[in-house]
Amino acid sequence: MRIKDQPTPVPTGHPRQRGIILKICLMLMVVSCLFLTSCREEREVFEPETERITYPVFNAIRGFYLLNEGNMGSNKATLDFFCYETGIFHRNIFASANPDIPMELGDVGNDLQIYGSRLYAVINASNKIEVMDAQTARRIGQINIPNVRYIRFHGGYAFATSYAGPVSPDPTLAQIGFVAKIDTATLEVVARVYVGFQPDELEILNGKIYVANSGGYMFPNYENTLSVICLERFAEIERIEVAINLHRVRADRHGNLWVTSRGDNFNVPSRLFWVCTQTHEVGGELDIAVSNLWLAGDSLFVIGTEFNRLTMETEISFGIIDVNKKEIVSRNFITDGTEQQIRMPYGIAVNPITGNIYVTDARNHVTPGTLFSFDRYGRLRWQVRTGDIPAHFVFLTR
């Protein structure tokens, strides 16, 4: 239920003219946190703001961060935060918490994770990982990795995939990708292991790292394997053939990896596969397109936005897979018809305590998106405006 709407913010900041620099500083006081806005020169700035969404809720989860990707080349990745303790949604808090950083978060937010007391935001086209205090979003440091994609953690180290080469779909510029090993104490890259072309998501399980090689810049000659890396030796030991243009990887509690294939947007459709971690064999596939997913217990929530270049149509789905039974139990977890309002589903998350489901709408990819909150039965609770291309969630516990 929406309680109160705030007025639309007015962009501030203007270019330097005849040696005169105009600086605008804004102090923003919120109920749960104090954020200071920054002075910005020579570029458009969208001021941080807040909006009350719900009544306060108190449990083990304080709230969640939402990383908005921002359209590539626009340098508009932003970080939002929804606080359960106040019921307030905070937009663009990185700028508020870090007034001394002139370029703010950067270009294309691609992944978001919490490890220990730190928040890690992967900023793909800016070739970096921003490291922040998880409670305040105050910047701690930066890790420089070219064309960095996704990040996971184990034993005091971070492991991040990299396309290695420039952010460009030109296959002649593509390079073999790698996984970087990062010491989380020093934020230094201490080792790297090369895998396939354009590696995307990764999962760490039973002393191994499983990496989805996409070959996304290599159309029509995509990669089709999972690289298997031995954590102890930090070396690739095997590749498992799955399907072309792999993207996401999740491990369930039954010893299986759930791996998504984007297909080729022509004749090969997007599909969901499971791989047994004991035998390293593909166990089967499900006939459902997957763009993003969230595993909650034995329920794998998926959203699919599959575009076919032959028919010029996009098929959208909101599915639930039972990973124990390995079957599709629903192709639409939204039960009140609200899916008709969602133009381009993009991000998804499920609250592990309440079961509430969050789905983001990227809309046209160049204007602010929308976050939809559903109860565990798929009924709309509230919705709120976000930054551009809202995509990646992480829950913040006490």
Side-chain angles (χ1 to χ4, degrees), residues 26-30 32-40 45-50 61-70 75-86 88-145 148-154 156-162 180-189 347 349 371 386-398:
L26 173 69
M27 181 75 75
L28 177 67
M29 178 75 76
V30 299
S32 63
C33 311
L34 178 63
F35 296 114
L36 297 179
T37 60
S38 61
C39 299
R40 297 290 189 262
V45 175
F46 295 92
E47 62 185 41
E49 59 179 358
T50 64
I61 300 177
R62 180 186 165 199
F64 62 78
Y65 287 102
L66 172 61
L67 179 62
N68 303 289
E69 291 188 354
N75 195 56
K76 287 177 64 177
T78 58
L79 187 65
D80 298 337
F81 180 71
F82 178 59
C83 181
Y84 288 126
E85 297 174 347
T86 62
I88 293 176
F89 189 83
H90 304 265
R91 299 186 186 91
N92 196 16
I93 66 168
F94 184 84
S96 303
N98 299 278
D100 54 331
I101 301 178
M103 295 305 293
E104 298 187 1
L105 201 52
D107 195 10
V108 186
N110 210 68
D111 197 12
L112 189 69
Q113 301 290 330
I114 289 177
Y115 185 65
S117 62
R118 294 179 174 182
L119 176 67
Y120 294 76
V122 175
I123 312 299
N124 170 234
S126 290
N127 305 301
K128 66 175 181 176
I129 301 169
E130 284 285 354
V131 185
M132 296 161 275
D133 182 285
Q135 298 296 327
T136 65
R138 180 66 182 171
R139 187 189 198 190
I140 294 173
Q142 176 179 310
I143 305 163
N144 297 316
I145 298 176
V148 61
R149 299 289 294 177
Y150 294 94
I151 189 169
R152 297 293 183 269
F153 302 88
H154 181 81
Y157 292 94
F159 298 89
T161 53
S162 168
K181 182 178 182 180
I182 304 156
D183 187 326
T184 57
T186 65
L187 302 184
E188 297 292 331
V189 176
L371 167 62
T386 67
D388 295 3
I389 315 182
H392 311 283
F393 293 86
V394 66
F395 288 96
L396 177 65
T397 58
R398 295 180 186 276

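Residues: numbered from 1 along the sequence shown. The figures that follow rest on heavy atoms only: side chains count, while hydrogens, waters and symmetry mates do not.
Here the straight-line distance linking atom CD1 of I61 with atom OG1 of T397 works out to 7.5 Å at 0.5 Å rounding. Atom CD1 of I123 and atom CD1 of I143 lie 11.5 Å apart (nearest 0.5 Å). Here F82 contributes atom CZ and T386 contributes atom OG1; the two are 14.0 Å apart, rounded to the nearest 0.5 Å. Here the CZ atom belonging to R152 is positioned 4.5 Å from the CD atom belonging to Q113, to the nearest 0.5 angstrom. In this structure, CZ on F81 lies 10.5 Å from CZ on F89, to the nearest 0.5 angstrom. In this structure, CD in E130 is found 11.0 Å from CD in E104, a value given to the nearest 0.5 Å.
No donor-acceptor distance shorter than 3.5 angstrom exists from the side chain of Y120 to the backbone of D111, with no hydrogens or angles considered. One N or O on the side chain of R62 and one on the backbone of Q135 form a donor-acceptor pair closer than 3.5 Å. Formation of a donor-acceptor pair under 3.5 Å by the Y150 side chain with backbone atoms of L112 is not found in this model. Of the possible polar contacts, none joining the R139 side chain to the A97 backbone as a donor-acceptor pair under 3.5 Å is found. Checked by atom type and distance alone, the side chain of N124 pairs as donor or acceptor with a backbone atom of V148 at under 3.5 Å. Panel note: side chain S126, backbone K128; no donor-acceptor pair is recorded below 3.5 Å. When atom types are taken as modelled, the side chain of N98 and the backbone of I101 share no donor-acceptor pair closer than 3.5 angstrom.
You'll find the side chain of C83 reaches within 4.5 Å of the side chain of H90, heavy atoms only. Counting heavy atoms from C-beta on, the side chains of F64 and L396 never come closer than 4.5 Å. The side-chain heavy atoms of I140 and R118, taken from C-beta on, include a pair separated by under 4.5 Å.
Here the closest heavy-atom approach between residue G347 and residue F393 is recorded as C-CE1, 3.9 Å. Y65 and A137 get closest at one heavy-atom pair: OH-N, 4.0 Å. Nearest heavy atoms, F395 versus I114: O-CD1, 3.7 Å. In terms of heavy atoms, A180 sits closest to V189 at CB-CG1, 4.1 Å. Of all heavy-atom pairs between A160 and I182, the closest is CB-CD1, 4.2 Å.
Figure legend: cation-pi geometry between K181 and F159 absent, as NZ or CZ is not positioned both under 6.0 Å from the six-membered ring centre and within 45° of its axis.
A salt bridge links R398 to E85: at least one charged side-chain nitrogen sits closer than 4.0 Å to a carboxylate oxygen.
The only member of N110, I129, I145 that meets side chain to side chain contact (heavy atoms under 4.5 Å, CB included) when paired with I151 is I129. Partner of K76 under the side chain to side chain contact (heavy atoms under 4.5 Å, CB included) criterion, chosen from D107, D388, N92, L105: D388.
Defined by atom type and a distance below 3.5 Å, a donor-acceptor pair is present between the side-chain atoms of D80 and N68. In this model, a donor atom of one side chain and an acceptor atom of the other lie less than 3.5 Å apart for H392 and E69.
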(request) Start with the C-alpha gap between L119 and V394, add the side-chain angles, then the distance that decides, and say whether side-chain contact (heavy atoms from CB on, under 4.5 Å) holds. (result) CA-CA 9 Å; L119 176 67; V394 66; 3.8 Å; yes
